[in-house]
Amino acid sequence: MQTGYAIGGDDGCIADARHHAAAFLERARTEHHSAVTARVMDLTQLVVSELVTNACKYAPGPVLMELRVTLETVDVVVWDSDPTVPEAHAADAGRVGQHGLEIVKAVAKDLEIHQEPVGKRITARIALSDP
């Protein structure tokens, strides 16, 4: 099961992305009997928030979000027009902000970042089963 969304950079776009993710996962759970637990729902919304926030903050133009549910994972894919590949910073409890990629790496089973002919595509995979 998969779906895609175009997200504008306007106020409320992050909340809209989270809403789309929650509705999609609820459909996966109820209509397709996918193993989407409250933990998976929360982690997916967290990853969506972090990736969409970064895309809206640093890339001009639209952001595309794709969500997929497989037998083992929820895949959150975010494309934006900025070709710069982000890097997680070393842990620093005193740093304010810029923890998004660190958070995503901590909760995702897998994280892939690919430069595209235009922009980049970031894929975070969240395990359906508890680690």
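Any value given below was found using the heavy atoms of this structure, including those in side chains, with hydrogens, waters and symmetry copies removed.
Looking at Val63 and Cys13, their side chains never come closer than 4.5 Å, going by heavy atoms from C-beta outward. In this structure, the side chains of Gln2 and Glu66 come closer than 4.5 Å at one or more pairs of heavy atoms. Residues Leu111 and Thr123 fail the side-chain proximity criterion, which asks for heavy atoms closer than 4.5 Å. Between Ile7 and Asp16, every side-chain heavy-atom pair lies at or beyond the 4.5 Å cut-off. In this structure the side chain of Val107 never reaches within 4.5 angstrom of the side chain of Ile126, judged on heavy atoms. When side chains are defined from C-beta on, Val74 does not count as touching Arg68, because their heavy atoms never get closer than 4.5 Å. Side-chain atoms of Glu50 and Ile103, non-hydrogen and from C-beta on, do get closer than 4.5 Å to each other.
The two atoms that bring Tyr5 and Leu67 nearest to each other are CE1-CD1, 3.9 Å, heavy atoms only. Scanning both residues, Val40 and Leu25, for their nearest heavy atoms gives O-CD1, 4.4 Å. The minimum heavy-atom distance linking Asp80 with Asp82 is given by the pair OD1-N, 2.9 Å. Minimum interatomic distance between Leu46 and Arg18 (heavy atoms only, all atoms of both residues): N-NH1, 3.9 Å. Across all non-hydrogen atoms, the minimal contact from Ala21 to Val48 is CB-CG2, 3.9 Å.
A donor-acceptor contact shorter than 3.5 Å is absent between the side chain of Glu116 and the backbone of Arg121. Side chain of Trp79 to main chain of Val118: a donor-acceptor pair is present (N/O by atom type, distance under 3.5 Å, no hydrogens or angles). Side-chain N or O atoms of Ser34 include none that pairs as donor or acceptor with a backbone N or O of Val36 at under 3.5 Å.
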Given Lys120 and His114, is the side-chain contact (heavy atoms from CB on, under 4.5 Å) satisfied, shown in steps? CA-CA 6 Å; Lys120 67 182 165 300; His114 295 283; over 6 Å; no

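Note on Ile113 and Val78: same hydrophobic cluster, where clusters join Ile, Leu, Val, Met, Phe, Trp and Tyr whose side-chain heavy atoms are under 4.5 Å apart, directly or indirectly. By the rule that hydrophobic residues join a cluster once side-chain heavy atoms approach within less than 4.5 Å of another member, Leu51 and Met41 end up as members of one cluster.
The pair Arg125-Glu112 meets the salt-bridge criterion, with a side-chain N (NZ, NE, NH1 or NH2) lying under 4.0 Å from an Asp/Glu carboxylate O. Between Arg29 and Glu26 there is a salt bridge, since a side-chain N of the basic residue sits under 4.0 Å from a carboxylate O of the acidic one.
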